[in-house]
Structure formats: C-alpha cells, structure tokens
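Here's the structure we're looking at; comments come further down.
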Amino acid sequence: MASDPHPAPDASPTRQFWLMKSEPDEASIDHLKAAGTLPWTGVRNYQARNFMRDLMRLGDGVLFYHSSCPEPGIAGLAEVCSAAYPDATQFDPDSPYFDPKSTREQPRWLHVDVRFVRKTRLLSLADMKRDPALSEMRTLAPGNRLSITPVSAAEWAHLQRVLG
DNA sequence: GCCAACGTTGGC
DNA sequence: GCCAACGTTGGC
C-alpha cells in the first residue's frame, strides 16, 4: 500500500460498517473508481462528523449510496482508508462548504478518506425498503436525514449476498 | 419544485 | 434554556 498521509492511530480489529450518501453529480461511484480514493469533504452535520471522527477505523466497510438523483440507492462498496482530519473546504471562501466560524486552530469539520472497492448493481431505495432483512437499517428510519449511518454486521452480510 | 422532517441559530 | 425562525436534506 502506498504511504497514507492520514493513518489511523488505532485501527480496530473489529470492522464496522457504514452507509455514506453522495450526490452522484458531485461524487458518484464512477468518480470514486476513477480516483481510487476520495476525501469525504462537505459533511456539515455534527452527528455525521462524529461518526467519522470518533468511530470510523481504517478498513471499515462502506456502502456507497447515491442520493438526490433519479435512482437513489446503493451503487458500490468502498472502505475507510484514513483517520479523520480537517476538511479543507471549510477554510475556502469560494467553496459552498465554507464555514466562516471555523478556524485552523480549532477546525469544526473533519472527514475521512474512502477507497474504492467495487461497483455493484444498483440496489434502489425501493428495493431496500421492501427487503425485510433491512427493515431496521438506520438510513431507512422515518425522518432520517443523516448522510452517514451505521450498518449492522448482519445487514452488511445480507447486503453482500444481495448485491452479488 | 414541493414539502416533511429535522438541525441550527440567536433573541430573549 | 426555551423556542420561533430559518436552513438543509432528500425522496417524490
């Protein structure tokens, strides 16, 4: 593996799993495939930030989900490949993610990097909703708006089978 | 473009 | 600390 600019200090032996939403206009699974890795910038929700900052570990599994698009759903698999570090876009006045209240001394917003694993068939949101094995998925909970949600080991294993 | 649900902000 | 106003998310 190439040198990692942001290695996690304490990769957990227990792998955890996440669903991460991205608008394909901004960053699709094809963008990730082409880039290899992407910095997960632009998260401006404290709960989602805290997942990345406090709970994500190197090698955690990621369901790459396309949101706010004609066919929302899971489009591929990825994995966490860095520890959390400050989001550069919060300091950039020209960025839509600029946060004037953040400082370099005490940055508000952090993110991890994510590495491409593989594309899958598109498992649509409708498919997910109709699968009883996914009925407890956090991302499907009524009113959920979090762009990053935990996925249970059972849900992950089930999805590996469903996605083929 | 609509709108429900939720998060954040800021006056008090 | 309350809560109204406002902003954002994201499916439809």
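Just so we're on the same page: letters track the sequence lines, and every chain starts at 1.
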For A:Phe64 and A:Trp40, take the angle between the two ring planes, folded into 0 to 90°, and tell me which bin it lands in: parallel under 30, tilted 30 to 60, perpendicular over 60. perpendicular
For A:Asp87 and A:Arg44, what are the C-alpha separation, side-chain angles and deciding distance, and is it a salt bridge (charged side-chain N to carboxylate O under 4.0 Å, His left out)? CA-CA 10 Å; A:Asp87 183 334; A:Arg44 295 295 181 268; 3.1 Å; yes
Are the ring centres of A:Phe98 and A:Trp109 closer than 6.0 Å?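 For A:Phe98 and A:Trp109, the ring centres are not under 6.0 Å apart.
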Side-chain donor or acceptor of A:Asp60 paired with backbone N/O of A:Met56 under 3.5 Å: no
Do the side chain of A:Ser102 and the main chain of A:Asp99 share a donor and acceptor less than 3.5 angstrom apart? no
What parts of residues 88-108 of chain A reach DNA chain C, counting only heavy atoms under 4.0 Å away?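 Nothing qualifies; none.
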Let me have a per-nucleotide readout for nucleotides 3-12 of chain C, 5' to 3', with B, S or -, counting only protein heavy atoms under 4.0 Å. ----BBBBSS
With a 4.0 Å cut-off on N to O distance, would you call A:Asp30 and A:Lys119 a salt bridge?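 Yes, A:Asp30 and A:Lys119 are salt-bridged.
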Passes side chain to side chain donor-acceptor pair (under 3.5 Å), A:Asp92 versus A:Thr89? Steps please. CA-CA 5 Å; A:Asp92 178 1; A:Thr89 63; over 6 Å; no
